[in-house]
Amino acid sequence: MNGNMDGCSLSNTQLQSASQICIDYLKVGFPEGSDHSELLSLIGTRNLRYHQYGASRPGTIFRFTKRKSCEPYLLLSGRGCRELERIGVIRNEGTDDAPGHTWREFLGLLLASNASMKRIDVAVDDHCGILSMQDIQRRIRQGYYVCRARNGLSYLPHGCNTADGEQVSYGESFGSRKGQRYLRIYDKAVQTDTPGPWIRVEFELKHRAAQLAANRICEEGMAGMAGVLKSYIDFKEPGANKQKSRWRTWENWDVFLGRVAKSRLDTAPRVRDYMKTRAWTEKNARPLALVALVEGEAYVSRLIARGRDRLTPEDWALVRQQMPSCQLGVNA
């Protein structure tokens, strides 16, 4: 099946469930002196290539270690995550009769032990040919996408050259590895030299973003991250509107993510800060003074009255906080 889904043999229902969401890397820190025996017993270290309190060794897929002056942490590589699924420690969501925990339940156990998430990689795999790197890269070159990454995109070299000396790219990346959010879209079959199709969209989340992702997965399951991913990057069909964010989502991308609605990862309401508002006013004192001098005191009085009428309940709460004995009037 090609990227345009022409002649597709899958039904719409099958297509919407074709992509697979999984965790492909996990690093979790624990409070100093906490008891990890239950966690180690749950994972079953005898069935894994595992070592404790030491440096990485070739082939290690699970590590529980402690560096000097650092908190203990659990590290699961991608192979480690797949191994936990293989031996039955982790099971897929919707398989209630199978032994083990879902990733949702496993992360809940970690959070209940006061663990802090250092990094979570959430991967969405397409084995049905819904996406193709040719279509993805063409839309990137044409600018048919919107993305929250501040650092733009860069291609992932395959490490080989064509006959004319041009380097081959097997994927694209958005953001910075040093930031809290970093996205990769690449051909996993080409990278691993395995039969395809296998396109992977991998979202690397660190620190606060990883903590928010773990909370979201605990609340909504792995499927909850599809809306977060769509909010971070959304491929579009070109439209007449000048704002690309208003263009219709590319059909293949929409199907790949299960036709979910966009969902911001950090949806906590912003807390208003009076001192920041005051600093902004002082920073803009020159144009405010210019208009006030030209228009006169009557204009300033009308401006204050108009602004007072537009204050929100949150604004009035800040006024009460700064002036508890002030007579606020009926609007308060």
Side-chain angles (χ1 to χ4, degrees), residues 5 8 10-26 28 76 78 80-82 84-86 88-112 117 119-131 136 145-148 174 180-186 188 197-206 208-235 248-268:
M5 300 193 301
C8 173
L10 296 178
S11 67
N12 288 335
T13 302
Q14 289 173 316
L15 280 171
Q16 292 184 30
S17 61
S19 56
Q20 301 174 0
I21 306 179
C22 64
I23 289 179
D24 199 55
Y25 189 97
L26 183 63
V28 186
L76 284 170
C81 294
R82 302 292 76 76
L84 288 185
E85 294 171 347
R86 186 189 68 81
V89 174
I90 302 294
R91 59 178 172 84
N92 294 327
E93 293 184 358
T95 55
D96 297 335
D97 297 334
H101 298 274
T102 63
W103 280 113
R104 180 180 190 173
E105 295 167 343
F106 184 69
L107 291 177
L109 292 174
L110 293 176
L111 293 176
M117 298 295 158
R119 175 179 160 185
I120 295 179
D121 290 8
V122 177
V124 189
D125 290 327
D126 169 28
H127 294 284
C128 297
I130 301 171
L131 303 178
I136 292 289
Y145 72 98
V146 290
C147 182
R148 295 186 179 278
F174 299 80
Q180 293 193 30
R181 295 168 174 85
Y182 178 68
L183 180 74
R184 292 178 289 265
I185 306 177
Y186 60 99
K188 189 72 173 177
W198 185 4
I199 300 298
R200 168 165 287 188
V201 179
E202 195 169 73
F203 205 8
E204 181 179 306
L205 302 152
K206 297 178 181 175
R208 181 175 180 270
Q211 196 77 24
L212 291 170
N215 291 334
R216 178 64 61 87
I217 293 171
C218 288
E219 292 171 0
E220 303 178 13
M222 292 298 297
M225 290 301 296
V228 173
L229 180 58
K230 190 176 184 180
S231 176
Y232 185 79
I233 185 169
D234 192 14
F235 290 96
R248 183 171 60 87
T249 297
W250 178 36
E251 176 69 9
N252 295 47
W253 185 248
D254 207 18
V255 168
F256 170 70
L257 294 176
R259 302 190 187 279
V260 296
K262 293 182 179 181
S263 176
R264 292 286 298 272
L265 188 59
D266 42 356
T267 55

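We number each residue from 1, following the sequence as shown.
- Smallest separation of non-hydrogen atoms from P197 and G129: CG-N, 3.7 Å.
- Distance CG/L257 to CG/D126: 10.5 Å, rounded to 0.5 Å.
- Each of I21, D125, L229 was compared with V201 under the side chain to side chain contact (heavy atoms under 4.5 Å, CB included) criterion, and only L229 meets it.
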Does the side-chain contact (heavy atoms from CB on, under 4.5 Å) test come out yes or no for L205 and R181, once each step is laid out?
CA-CA 5 Å; L205 302 152; R181 295 168 174 85; 3.8 Å; yes

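- Scanning both residues, W253 and I233, for their nearest heavy atoms gives NE1-O, 3.4 Å.
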I would like to know whether R119 and Y25 meet side-chain contact (heavy atoms from CB on, under 4.5 Å); could you show each step before the answer?
CA-CA 7 Å; R119 175 179 160 185; Y25 189 97; 3.4 Å; yes

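- A tilted orientation is assigned to the rings of Y232 and F203, their planes being inclined by 30° to 60°.
- Within the model, atoms OH of Y145 and OG1 of T249 stand 15.5 Å from one another, a figure rounded to the nearest 0.5 Å.
- When the ring pair (Phe, Tyr, Trp, His ring centres under 6.0 Å) test is applied to W198, the partners found at least two apart in sequence or on another chain are H127.
- In this structure, the side chains of L111 and Q211 come closer than 4.5 Å at one or more pairs of heavy atoms.
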Just do the side-chain contact (heavy atoms from CB on, under 4.5 Å) check on L107 and L26 with the steps written out, would you?
CA-CA 10 Å; L107 291 177; L26 183 63; 4.2 Å; yes

Mind running side-chain contact (heavy atoms from CB on, under 4.5 Å) on L131 and W250 for me, showing each step along the way?
CA-CA 11 Å; L131 303 178; W250 178 36; 3.9 Å; yes

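- Side-chain atoms of E85 do not come within 3.5 Å of backbone N or O of I90 as any donor-acceptor pair.
- Closest approach of S263 to S231, counting heavy atoms only: O-CB, 3.6 Å.
- Separation of atoms CG (D234) and CZ (R248) is listed at 11.5 Å; rounding is to 0.5 Å.
- I23 and R82 get closest at one heavy-atom pair: O-NH2, 2.7 Å.
- How far CD of E202 is from SG of C22: 8.0 Å, rounded to the nearest 0.5 Å.
- Between atom NZ of residue K230 and atom CG of residue D254 there is a gap of 4.0 Å, rounded to the nearest 0.5 Å.
- Ring centers of F235 and F256: at least 6.0 Å apart, outside the cut-off.
- Rounded to the nearest 0.5 angstrom, R184 CZ and E204 CD are separated by 5.0 Å.
- For K188, the salt bridge (charged side-chain N to carboxylate O under 4.0 Å, His left out) test picks out no residue, with sequence neighbours left out.
- The minimum heavy-atom distance between L265 and R216, with the atom names listed, is O-NH2, 3.5 Å.
- Partners of R104 by salt bridge (charged side-chain N to carboxylate O under 4.0 Å, His left out), not counting sequence neighbours: none found.
- Residues R200 and A123 come closest through the heavy atom pair NE-CB, 3.7 Å.
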